[in-house]
Amino acid sequence: MQRRIALVDVNNFYVSCERVFRPDLEGKPIVVLSNNDGCVVARSAEVKALGVPMGLPWFQMKELAREHRILAFSSNYTLYGDLSSRVMAVLGQFAPDQEVYSIDESFLDFTRQPHLDLTATGQTIRQRVKQWVGVPVSVGIGSTKTLAKLANHVAKKRADWNGVCDLDTLPGSDIDALLASIEVREVWGVGRKTAMKLAEQGIRSVADLRAANPHRLRERYSVVMERTVRELQGESCIDLEEDAPPRQQIIASRSFGAPVWTEAELAESLRAYMGRAAEKLRRQHGVAGRVGVWLETNRHRLQDAQYHPSATLPLPAPSDDTAVLTKAAMTVLHHLYRDGYRYVKAGVMLLELGERNVEQGQLFADAPSATDPLRTALMATLDRVNARWGKGTLGIGSAGLRQPRRWAMKRGTMTPAYTTNWDDLAIVRA
DNA sequence: TCTGGGGTCCTAGGACCC
DNA sequence: TCTGGGGTCCTAGGACCC
């Protein structure tokens with residue numbers, strides 16, 4: 001049976017979020033910056049029109065920003081996360097099956113409603129999300145997830161389609177012409193490297209890729225590429241994942257606000273990161289069997305000595321205890337640390353994740369067991385206090401208590417937490 | 001002199017996504 | 001001076017076993 005899948009996403013998501021509570025920003029050139037105000041991670045249409053690419057370092061475009069009065073915002077993930085759940089809730093009302101694919105994208109499966117007019121439905125979706133949440137979305141429809149993604153791209157490019165494109169309503173000849181006009185790089189799963197390799201074979205447009213032999217491409221690339229080609233040809237190979245599968249790893253890392261040199265400072269930052277990673281782990285009722293740490297110097301500074309070590313350490317027994325996990329991270333750090341490098345980033349990783357309740361106690365382990373009731377109560381308290389009073393209020397050891405914290409990130413221009421903090425509620429004046 | 005072969009598990013690294 | 005963070009999947013290659 002022919003599937004009918006829609007991919008709905010929010011246009012310039014972070015920028016659109018900032019505009020919800022600042023309507024005066026409508027029509028003005030805006031960017032949202034990554035942590036540490038490092039790179040551009042979202043651009044308004046006005047900024048895209050100026051040719052600013054995704055990921056451009058902010059310091060490299062300050063001149064342009066002055067010239068064109070571009071406004072920059074530090075990213076406000078609390079706000080984006082909250083608006084994201086609202087958008088997803090509204091979208092979920094339209095189709096029986098929904099996969100929340102990312103913070104701003106959702107697949108909807110309409111296969112079970114074969115007679116529904118999806119172009120009209122797409123327009124209704126756009127209106128309702130705009131009215132109820134305040135952000136603009138685009139809708140792409142096709143018979144596979146890959147085609148729906150492509151249709152979504154098309155919906156944004158063709159102003160006359162008003163934000164909705166259903167490939168299955170187009171005559172075959174129109175689709176051929178359309179796909180021939182789109183670069184293969186736009187296909188979901190084809191990145192920069194793959195696009196270059198494909199070009200060597202003369203495959204440049206989406207039409208070229210669709211016409212390729214999936215078997216042949218599998219030999220030169222991988223099963224992923226084979227699936228992509230089949231999906232372009234209309235054969236559905238990637239299913240909707242309605243329930244998010246449990247995470248296989250948890251990462252917490254940050255670039256530092258200023259470079260650090262000492263093991264003590266690295267240790268302090270890693271303790272803070274592990275606090276957050278362990279909290280995430282407990283939220284999904286998981287335990288970790290292995291802990292990883294990595295360090296980075298600045299790869300862009302060619303004059304600097306480079307050192308990018310990483311290592312992992314298995315735990316004697318799987319655990320969700322911040323103290324146990326932190327201790328392991330400190331062991332790894334001590335093993336990795338070398339004097340004399342200008343470190344700019346570090347991170348921790350929780351690996352070999354398992355479910356907490358199926359965890360077996362280990363007979364002769366001297367480490368606190370993951371099911372020790374006292375530790376469990378302590379960790380639950382830690383999570384509650386931090387949820388109520390803000391991240392990092394309570395930590396293990398000296399996680400972030402010493403001043404000054406050179407490694408702490410810089411955020412120059414963050415907007416208030418309009419929707420999640422009473423003190424930041426927008427005030428309406430009559 | 002002549003030095004197997006196949007399977008499995010693990011890890012590192014690459015490529016991709018948002 | 002200033003260059004994000006958090007994920008997934010796949011492959012190649014080494015270690016190890018019989």
Side-chain angles (χ1 to χ4, degrees), chain A residues 7 9-14 31-42 53-63 65 72 74-77 80-81 84 99-107 145-146 149 152-153 184-198 218-228 237-238 241 244-259 273 276-277 280-281 284 289-290 292 294 296-304 308-314 342 344-353 406 409-412:
Chain A
L7 186 271
D9 75 350
V10 181
N11 304 340
N12 317 325
F13 182 53
Y14 297 169
V31 294
V32 174
L33 304 176
S34 63
N35 284 326
N36 272 319
D37 296 340
C39 300
V40 172
V41 290
M54 183 74 167
L56 186 70
W58 171 238
F59 75 91
Q60 282 177 16
M61 61 169 287
K62 276 191 176 159
E63 193 70 19
S74 303
S75 36
N76 184 344
Y77 291 106
Y80 312 152
S84 171
E99 172 187 343
V100 176
Y101 175 65
S102 77
I103 192 165
D104 77 321
E105 283 173 279
S106 203
F107 286 103
K145 286 169 99 175
T146 303
K149 284 278 262 184
N152 180 279
H153 169 79
V184 74
R185 177 68 178 80
E186 301 298 337
V187 173
W188 190 35
V190 176
R192 198 175 52 90
K193 288 281 171 77
T194 307
M196 280 164 57
K197 219 166 136 184
L198 285 168
R218 178 184 183 144
E219 288 159 20
R220 200 161 162 204
Y221 300 85
S222 72
V223 291
V224 179
M225 175 61 84
E226 180 183 10
R227 263 200 306 261
T228 297
C237 306
I238 310 173
E241 286 176 12
R247 298 249 165 279
Q248 299 184 31
Q249 54 177 238
I250 292 171
I251 294 175
S253 79
R254 285 282 181 279
S255 297
F256 302 138
Y273 304 160
R276 283 191 294 115
K280 257 195 238 178
L281 179 66
Q284 69 170 44
R290 183 180 286 268
W294 79 94
E296 285 182 44
T297 52
N298 189 337
R299 295 168 194 265
H300 302 281
R301 281 171 59 106
L302 302 176
Q303 69 271 35
D304 281 3
H308 312 123
S310 73
T312 67
L313 183 69
R342 186 177 181 276
V344 297
K345 183 177 181 178
V348 298
M349 232 187 296
L350 298 178
L351 304 159
E352 295 174 10
L353 303 190
R406 294 163 43 75
M409 76 175 157
K410 293 182 290 194
R411 284 194 295 192

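These numbers come from the heavy atoms of this one structure, side chains and all, not from hydrogens, waters or symmetry mates. Computed from a prediction, not measured in an experiment: that's the story for all the values here. The sequence lines fix the lettering, A, B, ..., with proteins before strands; numbering per chain opens at 1.
Every residue two or more places apart in sequence or in another chain that forms a side-chain hydrogen bond (donor to acceptor under 3.5 Å, both in side chains) with Thr297(A) is listed here: Gln306(A), His308(A).
If you check every strand for non-hydrogen atoms under 4.0 Å, Val344(A) touches nothing. As judged by a 4.0 angstrom heavy-atom cut-off over every strand, Lys149(A) is placed among residues touching the sugar-phosphate backbone only. Nucleic acid contact class of Ala252(A) (heavy atoms, under 4.0 Å, all strands): sugar-phosphate only. At a threshold of 4.0 angstrom between heavy atoms, the contacts of Ile250(A) are confined to the sugar-phosphate backbone, with no base atom among them. Note on Lys62(A): nothing from the nucleic acid sits closer than 4.0 angstrom, heavy atoms only. Residue Arg342(A) is in sugar-phosphate contact alone, with no base atom involved, counting any heavy-atom pair closer than 4.0 Å across all strands shown. Across all strands shown, Phe13(A) has no heavy atoms under 4.0 Å from either base or sugar-phosphate atoms. At a threshold of 4.0 angstrom between heavy atoms, the contacts of Trp188(A) are confined to the sugar-phosphate backbone, with no base atom among them. Residue-level contact check: Gln249(A) touches the bases, meaning some heavy atom is under 4.0 Å from a base atom. Arg301(A) comes within 4.0 angstrom of sugar-phosphate atoms only, judged by non-hydrogen atoms across all strands, and of no base. Nucleic acid contact class of Thr194(A) (heavy atoms, under 4.0 Å, all strands): sugar-phosphate only. Using a 4.0 Å heavy-atom criterion, one finds that Val187(A) contacts the sugar-phosphate atoms exclusively. Nucleic acid contact for Arg247(A): sugar-phosphate only, since backbone atoms but no base atoms lie under 4.0 Å from a heavy atom of the residue.
In terms of modelled atom types and a separation under 3.5 Å, the side chain of Asn36(A) and the main chain of Ser255(A) share a donor-acceptor contact. Distance alone, capped at 3.5 Å, places no donor-acceptor pair between the Glu105(A) side chain and the Asp9(A) backbone. A donor-acceptor contact shorter than 3.5 Å is absent between the side chain of Ser75(A) and the backbone of Tyr77(A). At least one donor-acceptor pair closer than 3.5 Å links the side chain of Ser84(A) to the backbone N or O of Ile103(A). No donor-acceptor pair closer than 3.5 Å links the side chain of Arg218(A) to the backbone N or O of Met225(A).
Comparing Gln248(A) and Tyr14(A) by the nucleotide of DNA chain C whose heavy atom lies nearest to each, the residue mapping closer to the 5' end is Tyr14(A). Nearest-nucleotide assignment on DNA chain C puts the 5′-proximal partner with Gln60(A), out of Tyr221(A) and Gln60(A).
Note: Tyr14(A) and Tyr80(A) have parallel aromatic rings, judged against thresholds of 30 and 60 degrees for the angle between ring planes.
For DNA chain B, the span of nucleotides reached by chain A at under 4.0 Å from its heavy atoms goes, 5' to 3', from dT11(B) to dC18(B).
For DNA chain B, the stems formed by at least three consecutive Watson-Crick or G-U pairs, with both atom-pair distances below 3.5 Å, span B:5-18 with C:5-18.
Taken from CG in Asn152(A) to CZ in Phe107(A), the straight-line distance is 9.0 Å, to the nearest 0.5 Å.
For the P atoms, the distance linking dC18(C) with dT3(B) amounts to 25 Å, nearest Å.
Residues Val344(A) and His300(A) are not in side-chain contact: their nearest non-hydrogen atoms beyond the backbone lie 4.5 Å or more apart.
A donor atom on one side chain and an acceptor atom on the other are found under 3.5 Å apart for Asp104(A) and Ser102(A).
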